[in-house]
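Just so you know, ligand 1 is whichever comes first in the structure, and atom 1 is the first atom listed for that ligand. Computed from a predicted structure; not experimentally measured. When a residue number appears, it is its place in the shown sequence, counting from 1.
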Amino acid sequence: MAAKVSMSEFQATAVDAIPQITNSVRGTFRTHKTKKLQWRQVQLRKLYWALEDYTPQLLAALAKDLHKSDFEALITEIDWLKKDCIFMLDHLEKYAKDDKLGSPDLPPPFSLMNYRVRKEPLGTVLIIGPYNFPVQLLLAPFVGAIAAGCTAVLKPSEVTPACAMVLKALIETRLDTTAFAVVNGGIPETTALLNEKWDKIFFTGSAAVGTIVAKKAAETLTPVVLELGGRNPAFITKHANLALAARRLLWGKTMNAGQVCLSQNYVLIDKDVGPTFIEHLKQAYRDMFPNGAKASPDLARIVNHKHFLRLKKMLDGTKGKIVMGGALDESELFIEPTAVLVSSVDDPMMQEESFGPIFCIYPVNSLDEALNVANRVHRTPLALFSFGSKAENQRVLNEMTSGGATLNDAFFHASVNSIPFGGVGDSGWGVYRGKASFDCFTHFRTVSETPAWAEKIIDVRYMPYNMAKLKLLNRFTAKKPNFDRNGKVIKGFGYWAKMVLCLGGKGAKGAFLRWLAVLLAHYLYTNRFGR
Ligand SMILES: NC(=O)c1ccc[n+]([C@@H]2O[C@H](COP(=O)([O-])OP(=O)(O)OC[C@H]3O[C@@H](n4cnc5c(N)ncnc54)[C@H](O)[C@@H]3O)[C@@H](O)[C@H]2O)c1
Ligand SMILES: CC1=C(/C=C/C(C)=C/C=C/C(C)=C/C=C/C=C(C)/C=C/C=C(C)/C=C/C=C(\C)C=O)C(C)(C)CCC1
């Protein structure tokens, strides 16, 4: 556990100070200083070192708020973010550079006009965080906002108050406070923030609050990113490695005590292998918690009584049978990793988002049935997991959508900080992480520049219109279709000429290699064999 460090009492920001705070960071954006690449790089470097120097406070706060182990606090929050800062610093210059536009995006005559896409910061943004990864999920989007050159106000979750106070100190003592501010508080403070005009709102949290945010943003046509929850299914077929599936899915429900937006809510398993899977699950549990889950220093606790009671209600309401775990201790906010075998799709364990260490197992007769059930329970979950043969996993990917997906594991697709992450439909709008974080806070502004000397070439556009000139222009620029009215590709002279020139394949690189092989064969044949 974390070393003893002193921690400030939670203090909400005064609601009537919020317009002034917002105006101040908005004013800083208008100074244009945040657009300078060097300024952004310095802020990212400072954030890196702030994370390093505040590690003891962050570990202590995460332990206090969530009973999060140092191991998890480092791998999923602090070290994660340090990697984010370094990744962004390594790539920022490249991301921020104008994209010069040319072939194949531009038809040849337009290449005279110096078309390019400038990467401009969106402006002043609001980032609202949830409680489960209170540090990572507030600061990872912030890395993108800094990199893009935005100013920002951050609103940590009040449900993890110790973390909220450390985050405020970390940012306001180490970063440019004219550009960035932290507002602490709950509904009144967030409502006051939503009453301000933003250039983008980045929200991570529940679908219910996401809806409030999206409605409010719509009033001023403010773009929003929503990172929401979901009822994530796991599919297990007869062809799965059941021991591996059990161990990996248990990991998905024990990290942060299952308070992970991505962890599986329910497992759809072929009924023939259900009992064996449950035996493996129990074995995996014994391996991970040789002295029981409660005694383990690794297992986090439920964040507060409200969420503890919510999870208890799900367990009380189920008609299913507990096949692993089941112990609860309200005084410690402890819930044992628990699996419930259910027989109805309408069971609360199937229908409600667990967001805790409990999940259910629903036996099915076939993969067809599993896909039908999953599409009925929630058509657009944040994640899905499939344990089956290659063909079965491919079928699951094809026949059910999700924000992201992992084959043969729990949420591994989302365990890397530099690749895009986000939901789909009602599990989220927009992606971030890595380059996507930079893009998320960037306006891609296309610019062209028409040289005076080109006037004669492009004067076809002016009235009085001249059809003859248009025909001439088309003769030089319009591409002929290589398909007919039925959508079929026409294999004309061009097609066969290309086929011959490319030696039967497609693409210049392949053709080059094939020609190289032919020439080499010819050379060897004529030289080695004396011809
Ligand atoms: N997709 C993701 O990346 C992701 C990550 C973490 C959590 N989640 C989802 O978030 C949920 C759990 O997190 P949570 O409980 O912190 O979410 P939440 O929606 O209750 O709170 C998120 C934020 O919204 C603020 N808020 C709460 N009520 C509000 C209101 N009425 N008006 C304005 N602001 C309000 C909170 O202060 C907090 O900062 C789960 O549904 C989970 O799936 C999603
Ligand atoms: C040791 C050497 C090597 C190999 C190392 C390997 C293969 C390490 C594997 C590490 C693993 C499995 C790490 C797992 C990490 C999991 C993480 C970070 C989970 C993160 C979860 C997150 C962020 C959750 C987010 C939640 C959200 C968004 C919603 O709630 C070699 C082979 C490289 C060689 C040298 C030595």
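For ligand 2 and L137, the ligand atoms under 4.0 Å from any heavy atom of the residue are 28 (C). Taking every heavy atom of F421 and a limit of under 4.0 angstrom, the matching atoms of ligand 2 come to 28 (C). Heavy-atom contacts of E227 reach the following atoms of ligand 1: 1 (N), 2 (C), 3 (O), 4 (C), 44 (C) (cutoff under 4.0 Å). Counting atoms of ligand 2 from 1 in the listed order, those under 4.0 Å from a heavy atom of I75 are 15 (C), 18 (C). Atoms of ligand 1 found under 4.0 Å from any heavy atom of P130, numbered from 1 in the order shown, are 6 (C), 13 (O), 16 (O).
With S206, G423, G229 as candidates, the residue nearest to atom 17 (O) of ligand 1 on a non-hydrogen basis is S206. Taking each of L262, I187, T204 in turn, the one with a heavy atom nearest to atom 22 (C) of ligand 1 proves to be T204. Summarising the contacts of atom 9 (C) of ligand 1 with A140, C261, G205, the nearest heavy atom is found in G205.
Checking atom 29 (C) of ligand 2 against the protein gives a heavy-atom contact under 4.0 Å. For atom 13 (O) of ligand 1, the nearest protein heavy atom lies closer than 4.0 Å.
At a 4.0 Å heavy-atom cut-off, ligand 1 does not touch F133 at all. The proximity of E227 to ligand 2, defined as any non-hydrogen pair under 4.0 Å, does not occur for either the backbone or the side chain. With a heavy-atom cut-off of 4.0 Å, V213 does not touch ligand 1 at all. Contact annotation for N132 and ligand 2: only side-chain heavy atoms (C-beta onward) come within less than 4.0 Å of the ligand. With a 4.0 Å cut-off on non-hydrogen atoms, L137 touches ligand 1 through its side chain and not its backbone.
Of the N and O atoms on the side chains of D347 and Q351, not one donor lies less than 3.5 Å from an acceptor on the other residue. Side chain to side chain, T401 and T380 fail the donor-acceptor criterion of an N or O pair below 3.5 Å. When only modelled atom types and interatomic distance are considered, E158 and Y131 share no side-chain donor-acceptor pair under 3.5 Å. Side-chain N/O atoms of N195 and K216 include a donor and acceptor closer than 3.5 Å.
With ring centers used as reference points, W429 lies 6.0 Å or more from F203. Side-chain rings of F180 and F142 approach one another, their centers coming within less than 6.0 Å.
Where the criterion is an N or O separation shorter than 3.5 Å, residue side chain and backbone included, T191 fails it with respect to ligand 1. Geometrically, ligand 1 and G129 share a nitrogen or oxygen pair separated by less than 3.5 Å.
Note: Y95 and F438 have tilted aromatic rings, judged against thresholds of 30 and 60 degrees for the angle between ring planes.
Ranking the protein heavy atoms by distance from atom 11 (C) of ligand 2 puts F412 CZ, 4.1 Å first.
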